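In what follows, chains carry the letters A, B, and so on, assigned in the order in which the sequence lines appear, proteins first and then strands, with residues in each chain numbered from 1. Fair warning: this is a prediction, and the values are worked out from it, not measured in the lab.
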Number of protein chains: 2
Amino acid sequence: MAAKRSGTQSKRPQRKAASLQPVQEPRGEAPLSLERIVATAVDLLDAEGVDGLKMRRLADRLGAGAMSLYWHVGNKDEVFDLALDAVLEYRGPSHRVEAQDWRGDVVHMLEDWRAVMLRHPWSASLLPRRALGPNMLNRLELLSRTLSGAGVSDADLNVAIWSLWNYVMGATITRASFDLSDEDRAAGQQRLAGLSEHYPTIERSRLLLDNDWDGAFRKGLDFLLDGLGPRR
Amino acid sequence: MAAKRSGTQSKRPQRKAASLQPVQEPRGEAPLSLERIVATAVDLLDAEGVDGLKMRRLADRLGAGAMSLYWHVGNKDEVFDLALDAVLEYRGPSHRVEAQDWRGDVVHMLEDWRAVMLRHPWSASLLPRRALGPNMLNRLELLSRTLSGAGVSDADLNVAIWSLWNYVMGATITRASFDLSDEDRAAGQQRLAGLSEHYPTIERSRLLLDNDWDGAFRKGLDFLLDGLGPRR
DNA sequence: ACCTGAACACCGTTCAAGT
DNA sequence: ACCTGAACACCGTTCAAGT
């Protein structure tokens with residue numbers, strides 16, 4: 001399972017060490033920079049979703065000509081990569097000195113990861129099709145280290161990591177998609193009504209009306225962790 | 001968790017019962033029909049991926065004018081919905097009379113579901129963001145019925161179903177994405193090399209080079225089923 | 001009932017050019 | 001070094017019109 005699609009490399013020089021900032025431009029435009037572009041892209045994505053990110057619109061928000069972006073960035077995919085990884089930053093589980101609570105640490109990491117993606121609902125479905133950025137790799141490294149330290153053997157480690165990845169990604173992509181379509185909720189309900197006869201078990205358990213996403217996520221995760229934990 | 005985005009309804013009348021087909025047009029064009037459109041869309045998606053499906057291209061393949069499709073179909077999203085559900089058809093676990101092997105049945109259903117999506121790699125990432133079609137609802141109904149029949153209580157059923165959904169979707173979306181980018185494999189490898197120092201645990205376990213997708217899928221699934229199964 | 005071409009309002013990106 | 005407008009090659013979809 002190799003990393004992929006590294007995104008066309010921009011021919012721009014590495015961003016130089018931050019020179020002292022001019023306090024912040026009054027209200028006019030700060031000079032274009034990769035940082036501003038990425039930050040604005042995240043805002044735009046949060047506000048308008050994946051389809052809302054257009055190069056011209058992004059440039060507009062930055063008060064720049066439509067084509068100015070292409071000096072800082074190779075193409076639109078690179079904007080996606082940068083915005084995605086920007087959002088995934090993580091500073092460890094605040095290492096309290098107390099107990100070696102591997103399970104608590106893992107749950108904290110995964111719930112934080114999920115929460116971040118739900119805060120930026122475009123990010124989850126983007127993550128699997130783009131190359132893993134440094135922030136995501138860092139999260140995977142911390143997760144691996146924690147499980148390994150807890151006693152999961154090297155032979156079992158990959159299965160454990162990928163199972164957790166699969167579960168978290170599936171849960172978050174699904175939930176983010178439903179979030180985005182609250183408008184259609186009504187239409188969905190109605191459609192469901194006509195279906196009860198064909199899908200009696202779904203209807204009885206009210207599967208499609210279940211709202212306890214957080215609880216369901218946590219319970220399923222517990223099942224996985226029961227199985228994945230270090231051999232007792 | 002309600003169904004959603006039902007796809008703009010076409011104003012076309014329901015397709016009439018199949019009149020006797022003229023054996024198949026020699027090589028010229030059969031008349032345009034919803035069936036042909038959907039079948040051709042699936043072919044096109046298989047060959048070119050989600051971004052490869054363009055209304056003009058689809059019409060081309062059908063030997064029709066670019067705009068003829070819009071009489072049969074409301075818009076492009078409806079084509080996606082129809083192609084997606086067409087691919088998800090399922091005829092139960094061939095009910096052999098033998099043992100009440102609920103676990104075997106569940107594994108069969110989920111592996112078939114995953115296999116179908118991997119055969120049409122565009123389908124997995126599409127599924128969570130579109131309304132559930134009849135074929136997918138049928139799969140969920142069968143899954144629910146099997147778990148319920150095996151003794152999973154109504155209170156636990158939704159958590160069980162959604163956990164399995166999450167796991168299967170996450171696994172399949174991830175794997176299909178990697179499949180699509182074999183070309184970049186080389187670039188990925190190289191990128192990884194430079195990273196080994198920052199992510200030593202990932203490097204040691206060769207997490208990103210692991211190729212045993214099928215085995216990993218099955219093992220993680222077993223962990224989930226251990227936890228989800230009927231209370232013993 | 002079914003199909004069509006012209007036309008509109010967009011897209012991402014190239015390029016030659018400005019400062 | 002950094003930014004720009006004009007232009008190209010596309011898109012999905014509307015519409016008025018054909019048979």
Worksheet entry | Backbone N/O of A:Asn135 and side chain of A:Asp85: donor-acceptor pair under 3.5 Å |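 Yes: the side chain of A:Asp85 pairs with the backbone of A:Asn135.
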Worksheet item: Between the side chain of A:Arg139 and the main-chain N/O of A:Leu88, is any donor-acceptor distance below 3.5 Å?
Response: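 Yes.
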Discussion item. Between A:Met117 and A:Val168, is the side chain to side chain contact (heavy atoms under 4.5 Å, CB included) condition met? List the steps.
Written reply: CA-CA 10 Å; A:Met117 291 193 290; A:Val168 172; 4.1 Å; yes
Practice prompt. Dot-bracket for DNA chain D, please, read 5' to 3', with Watson-Crick or G-U wobble pairs under 3.5 Å on both distances, ( ) within the strand, [ ] crossing, | other strand, . unpaired.
Written response: ||.|||||...|||||.||
Grab the [atom1]-[atom2] distance between [X] and [N] for me, whole Å please.
X       : N      : atom1 : atom2 : answer
B:Leu62 : C:dC2  : CG    : C1'   : 15 Å
B:Lys76 : C:dC11 : NZ    : P     : 15 Å
B:Glu78 : D:dT13 : CD    : C1'   : 14 Å
B:Met67 : C:dC2  : CE    : P     : 18 Å
A:Leu69 : C:dG12 : CG    : P     : 10 Å

Worksheet item: Hey, what's the ring geometry for B:Phe178 with A:Trp162, parallel, tilted or perpendicular (30° and 60° as the breaks)?
Response: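 Taking A:Trp162 first and then B:Phe178, their aromatic rings stand perpendicular (interplane angle over 60°).
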Worksheet entry | Criterion side chain to side chain contact (heavy atoms under 4.5 Å, CB included) on B:Leu143 and B:Trp165, from CA distance to verdict | CA-CA 10 Å; B:Leu143 187 60; B:Trp165 165 285; over 6 Å; no
Worksheet item: Taking the side chain of A:Trp71 as its heavy atoms from C-beta onward, which of C:dC3, C:dA6, D:dA1 lies nearest to it?
Response: D:dA1
Response to the item:
Of the candidates C:dC2, D:dG12, C:dT13, the side chain of B:Tyr70 sits closest to D:dG12
Worksheet item: Among residues 50-58 of chain B, which contact DNA chain C at a heavy-atom distance under 4.0 Å?
Response: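 Going residue by residue through residues 50-58 of chain B, none turns out to have a heavy atom under 4.0 Å of DNA chain C.
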Item to complete: Tell me, please, whether A:Phe217 has A:Arg114 positioned over its six-membered ring: NZ or CZ under 6.0 Å from the ring centre and within 45 degrees of its axis?
Response: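 The answer is yes, since A:Arg114 meets both limits relative to A:Phe217.
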Worksheet item: Do A:Lys54 and A:Asp60 sit within salt-bridge range, that is, some charged N less than 4.0 Å from a carboxylate O?
Response: no
Worksheet entry | Cationic N near anionic O, under 4.0 Å, B:Arg91 to B:Glu89 |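 A salt bridge is present here (some side-chain N lies under 4.0 Å from a carboxylate O).
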Fill in: side-chain N/O B:His72 vs C:dA1 OP1/OP2, d < 4.0 Å
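Result: no.
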Practice prompt. With rounding to the nearest 0.5 Å, note down the distance linking OG1 in A:Thr146 to CE in A:Met109.
Written response: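 The OG1 atom of A:Thr146 sits 3.0 Å away from the CE atom of A:Met109.
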